[in-house]
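In what follows, every chain begins at residue 1, and chains take the letters A, B, ... in the order their sequences are listed. Computed over heavy atoms, backbone and side chain alike; hydrogens, waters and symmetry mates excluded.
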Amino acid sequence: MPELPETHTIASILDQNIKGLKILKVAVAKNYKALPQTDTFIKTVAGKKIKSAKRVAKNILIELENGNHVLFHLAMTGRLLLWKNEPINERGVRVILYLEGSSLLTFSDVRMFGKAAVLSHRQVQKLEHSYGPDPFNEKLTGRDLIKMFAGRKTGVKNVLLDQKIIAGLGNIYANEALFLAGINPKTKASLINEKQAEKLCESIRRVLEEGIKFGGSTLEDKMYVDPYRKEGKYQEHFKIYSQNKCPRCGENVVFLKMSGRGTYFCPNCQPEQQ
DNA sequence: ATGTTTGTTCCGAT
DNA sequence: CATCGGAACAAACA
C-alpha cells in the first residue's frame, strides 16, 4: 500500500512522538514470524530506548539505543498505529511494542506481504545500499535517469517501479509522475531523451512532494491511515490514477496493465513514442 | 464467482 | 549475465 509519501508520513509522526521512549515489552502473534526469528526479535528489541524513526525507500526504520533497528515494511496492507489506554480495535495485528507512558505501537498486516525485522547497524547499511537514489536525498538529475534507463527495453513505467533505479516510487505516484511529464508509460525507457528525463525528474519530485503535503493517499478501502488514524487527502488530487477523463484535455483516460499493474494515461497528453 | 488491489521476490524464458 | 514478465504470497471487497 504505502509508497514514499505514506511511509514518510508515518516515519515522521513516529519520530516526533515516540523518540526517547523505552520499549518495555514486545509481543508477536504466535502465527507470525518476525525476522530473523521471533525470539531473537523479542530479545533484541525489548528493554531498548528508541533513538529515532526514519524512512529508507518504503521501509520504516526505528533506531534503538544499541545501534540495532526495527524494520517494518508495510507492503500492501501493513499499518503502524499508536494506541493509548484503549482497546486495540484492529484486524491482523502481528507485533505490539509496549512503550513507556502506557502507549503501544501495533504493526498489523492482514495479507502478510509486509515484514517486521530487527537489523544490525551493518544490515541497515546494506539495506540502504541495495536501493537506487532517493528522489529527495540525492542530487538526482535527468542525466542520471538516462543512465539508469540505458539498455532497458521495457516501458519506462516498469523501470520507475524498480526500487534499484529510484527508491520509493510506487504504482500510483509513477502513473502521476508520467502524466505530469507528458510521457507515455509504455515508452521504452532507453528512448527517453534528455529533455523528457529532466521533466520526469522534476515531475517525480513534484508528485511526491504533493503526496507528502496532503498526507499521502487513502483509497476507498481506507487501508492507509497514519499512526493516529488520519486519512491522506492526495487521492483528491489524482490527475490520472483511477480517473476517467484527462483533467488537461478531457480525453478518455486509457487503462491497461503493465506487468500486472494498473496503468492510466491520456493518449493525447502522453502520446505514444517510438 | 470473478476480478481487482498502493509491494516484493522468485523463477523460467529471452 | 542482465533483463523481462508472470506467478506467487493472501485477504477483503465490489
Taking the side chain of [X] as its heavy atoms from C-beta onward, which of [options] lies nearest to it?
{"X": "A:T154", "options": "C:dG5, B:dT6, B:dT8", "result": "C:dG5"}
{"X": "A:R152", "options": "C:dC4, B:dT6, C:dA11", "result": "C:dC4"}
{"X": "A:F255", "options": "C:dC13, B:dT5, C:dG5", "result": "B:dT5"}
{"X": "A:K257", "options": "B:dT4, B:dT6, C:dC4", "result": "B:dT4"}

Phosphate oxygens OP1/OP2 of [N]: is one of them under 4.0 Å from a side-chain N or O of [X]?
{"X": "A:R261", "N": "C:dA7", "answer": "no"}
{"X": "A:H73", "N": "B:dT8", "answer": "yes"}
{"X": "A:K58", "N": "B:dT8", "answer": "yes"}
{"X": "A:N158", "N": "C:dG5", "answer": "yes"}

In whole angstroms, how far is the [atom2] atom of [N] from the [atom1] atom of [X]?
{"X": "A:I166", "N": "B:dT8", "atom1": "CD1", "atom2": "C1'", "answer": "18 Å"}
{"X": "A:L208", "N": "B:dT6", "atom1": "CG", "atom2": "P", "answer": "16 Å"}
{"X": "A:M258", "N": "C:dA7", "atom1": "CE", "atom2": "P", "answer": "17 Å"}
{"X": "A:L256", "N": "B:dG3", "atom1": "CG", "atom2": "C1'", "answer": "17 Å"}
{"X": "A:M76", "N": "B:dT8", "atom1": "CE", "atom2": "P", "answer": "10 Å"}
{"X": "A:D109", "N": "C:dA11", "atom1": "CG", "atom2": "P", "answer": "10 Å"}
{"X": "A:M112", "N": "C:dC9", "atom1": "CE", "atom2": "P", "answer": "12 Å"}
{"X": "A:D162", "N": "C:dT3", "atom1": "CG", "atom2": "P", "answer": "9 Å"}

Ion pair present between A:K213 and A:E210, side-chain N to carboxylate O less than 4.0 angstrom?
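So A:K213 pairs with A:E210 through a salt bridge.
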
Would you call A:E65 and A:K49 a salt bridge, taking side-chain N to carboxylate O under 4.0 Å as the test?
no

Separation between the P atoms of C:dG6 and B:dT4, rounded to whole Å:
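One P to the other, the span is 14 Å.
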
Most 5' of A:K153 and A:V110 on DNA chain C, judged by nearest nucleotide
A:K153

Verify the stacking flag for A:F113 against C:dC9: centroid separation must be under 5.5 angstrom and the ring planes must differ by under 30 degrees.
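Yes, A:F113 stacks on the base of C:dC9, since the ring centres sit under 5.5 Å apart and the planes are within 30°.
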
Tell which nucleotide pairs with B:dT6, taking only Watson-Crick or G-U wobble pairs whose two distances are both under 3.5 angstrom.
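The answer is none; no pair meets the criterion.
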
For the residue pair A:Y234 and A:Y173, is the inter-centroid distance of their aromatic rings smaller than 6.0 Å?
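Yes; A:Y173 has its ring centre under 6.0 Å from that of A:Y234.
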
Remember a base hit wins even if backbone is also touched, and classify A:Y241 as base, sugar-phosphate or nothing at under 4.0 Å, heavy atoms.
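Here A:Y241 touches the backbone only, sparing every base.
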
Touch class at under 4.0 angstrom, heavy-atom based, for A:Q163 against every strand present:
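The answer is sugar-phosphate, as A:Q163 gets under 4.0 Å only of primed atoms, P, OP1 or OP2.
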
Heavy-atom check, side chain of A:K58 versus side chain of A:L74, under 4.5 Å:
no

Quick check on salt bridge (Lys or Arg N to Asp or Glu O under 4.0 Å): which of A:R55, A:R122, A:K54 does A:E128 satisfy it with?
A:K54

Any luck finding a side-chain donor-acceptor pair between A:D109 and A:T77 under 3.5 Å?
yes

